[in-house]
Protein chains: 2
Amino acid sequence: MYEQNVTALLRDRGFKVTPQRLAIYSVLAATRSHPSAEMIFSELQPHYPTMSLATVYKTIEILKEIGLVQILNVGEDSFRYDARTHNHPHVRCMKCNRVDDLEDVDSNEFIDRVAGSTAYRITGQQFYFYGICPECQSAEKNH
Amino acid sequence: MYEQNVTALLRDRGFKVTPQRLAIYSVLAATRSHPSAEMIFSELQPHYPTMSLATVYKTIEILKEIGLVQILNVGEDSFRYDARTHNHPHVRCMKCNRVDDLEDVDSNEFIDRVAGSTAYRITGQQFYFYGICPECQSAEKNH
DNA sequence: TTTACTGCAAAGTGTTTGCAGGTAC
DNA sequence: GTACCTGCAAACACTTTGCAGTAAA
């Protein structure tokens, strides 16, 4: 289902469909952990021993172009990638650095209010929250 | 006034007060352009011919520690710095890459709503908007 | 006089690019 | 068969670090 979608979208835009591209998208589509390029690479390495980081980066660039991936910049050294492309806020744990979605929140009223108060023509946005995840909060208490 | 504040804060925390540190903070306090390290460096170069980028980075780290500067990550290759440390949304023009403050917006209701809907303990946030600034919109029309 | 800072150069990190061999179509 | 892709290695851009000389306190 996912793969069909990717295959069609790649072909439509004149990109070739390769095992590497499908594999990279599959990793992103199957996780909610917002992996970095390095994490995607490490996950694929066992199954695709010749996979290279360069291919991961090149593929992500294409996936972004055809709208299948969004790029996150949660204030770390590296970018993270998300196959859930509908815009939603993200939260990063400052202890363990995990990044989670905040999908239960309706941001539209806030976005409209901002768009209405600036002379910019707003075309997109990213909301990043920072804090301590439930697991790390528990760990703190057991001390 | 600004300098007094910086001087006191540096001394209180055991940091030495140097011309370089005051100059770097002055640049940040005097602008709303959210400069990168490179921009700060270029602005100071004529007045402080021996100034180095390393000093800019080291100083910003200290200014962040004592709460005089916040670090922005608007999705570019480099970080940008802001001496207005009260939390406010930012907007970047995708044409000319200028970054502006969005200070007319009250984000508190939105932040509270998010904090209430997640199991994370929220400690901070950054809101980035993307769009086209008024100048670049005008430029588009004159074509 | 002590302690910390500056600024150079070198190292480090994540990402991008060039290109020769290989694969999709 | 053509055009595009992969994956290696090298290049790149930004940031950090090590260290010898220097300045703040």
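Because the structure is predicted, anything quoted here is derived from the model rather than measured. Every chain is numbered from 1, with letters handed out A, B, ... down the list of sequences.
- Look at CE on A:M51: it is 15 Å from P on D:dC5, rounded to the nearest Å.
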| message | Please evaluate residues B:T7 and B:R11 with respect to the criterion side-chain contact (heavy atoms from CB on, under 4.5 Å), reporting the C-alpha separation (whole Å), side-chain torsions for both, the decisive distance (0.1 Å), and the verdict. | response | CA-CA 6 Å; B:T7 299; B:R11 287 235 175 80; 3.3 Å; yes
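- With a 4.5 Å cut-off between side-chain heavy atoms of Ile, Leu, Val, Met, Phe, Trp and Tyr, the cluster of B:F129 takes in A:V91, A:L102, A:V105, A:F110, A:I111, A:V114, A:Y120, A:I122, A:F127, A:F129, B:V91, B:L102, B:V105, B:F110, B:I111, B:V114, B:Y120, B:I122, B:F127.
- Distance, B:K64 NZ to D:dT16 P: 9 Å, rounded to whole Å.
- Atom CG in A:N97 sits roughly 12 Å away from atom P in C:dG14 (whole-Å rounding).
- Under the side-chain hydrogen bond (donor to acceptor under 3.5 Å, both in side chains) criterion, no residue pair touches residues 12-24 of chain A, with sequence neighbours excluded.
- Rounded to a whole Å, the CG atom of A:L44 is 14 Å from the C1' atom of D:dT6.
- With rounding to whole Å, A:I62 atom CD1 is found 14 Å from D:dA3 atom C1'.
- When rounded to the nearest whole Å, the span between CD of A:E65 and P of D:dC4 equals 14 Å.
- Sorted by first and then second residue, the side-chain hydrogen bond (donor to acceptor under 3.5 Å, both in side chains) pairs involving residues 65-75 of chain B (not counting sequence neighbours) are A:N73-B:N73, B:Q70-B:Q126.
- Every pair passing ring pair (Phe, Tyr, Trp, His ring centres under 6.0 Å) that includes a residue from residues 27-49 of chain B is listed here, sequence neighbours excluded: B:H34-B:H90.
- With sequence neighbours excluded, the residues satisfying side-chain hydrogen bond (donor to acceptor under 3.5 Å, both in side chains) with A:T55 are A:S52.
- With axes fitted over five pairs at each extremity, the angle between the ends of the helix from C:dT1-D:dA25 to C:dC25-D:dG1 is 40° (10° resolution).
- Remark: B:I71 pairs with B:K64, B:F79, B:Y81 by the side chain to side chain contact (heavy atoms under 4.5 Å, CB included) rule, at least two apart or across chains.
- Legend: residues meeting side chain to side chain contact (heavy atoms under 4.5 Å, CB included) with A:Q137, ordered by chain and number and at least two apart, are A:I132, B:R121.
- For the pair B:R13 CZ and C:dA4 P, the computed distance is 15 Å after rounding to whole Å.
- Taking B:S33 as the reference, B:T31 meet the side-chain hydrogen bond (donor to acceptor under 3.5 Å, both in side chains) condition, with sequence neighbours excluded.
- Heavy-atom nearest nucleotides on DNA chain C were determined for B:G14 and for B:P49, and the one closer to the 5' end corresponds to B:G14.
- Between B:L22 atom CG and C:dT6 atom P there is a gap of 10 Å when expressed in whole angstrom units.
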| Should A:V69 and A:L28 be marked as a side-chain contact (heavy atoms from CB on, under 4.5 Å) after you check the CA-CA gap, both sets of side-chain angles, and the distance that decides it? | CA-CA 8 Å; A:V69 160; A:L28 280 166; 3.7 Å; yes
| note | In 5'-to-3' order, the base (B), backbone-only (S) or no-contact (-) status of each nucleotide in nucleotides 15-20 of chain C, using a 4.0 angstrom heavy-atom cut-off, is SBBB--
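- Side-chain N/O atoms of A:Q20 include one lying less than 4.0 angstrom from OP1 or OP2 on D:dG7.
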Close N/O contacts between protein and nucleotides 21-25 of chain C (under 3.5 Å):
residue	atom	partner	partner atom	Å
C:dA24	O3'	A:V17	O	3.4
C:dA24	N3	A:K16	NZ	3.2
C:dC25	OP1	A:R11	NE	3.3
C:dC25	OP1	A:R11	NH2	3.4
C:dC25	OP1	A:V17	N	3.1
C:dC25	OP2	A:R11	NH2	3.4

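- For A:H86, the side chain to side chain contact (heavy atoms under 4.5 Å, CB included) partners are A:R84, A:H88, A:E103, not counting sequence neighbours.
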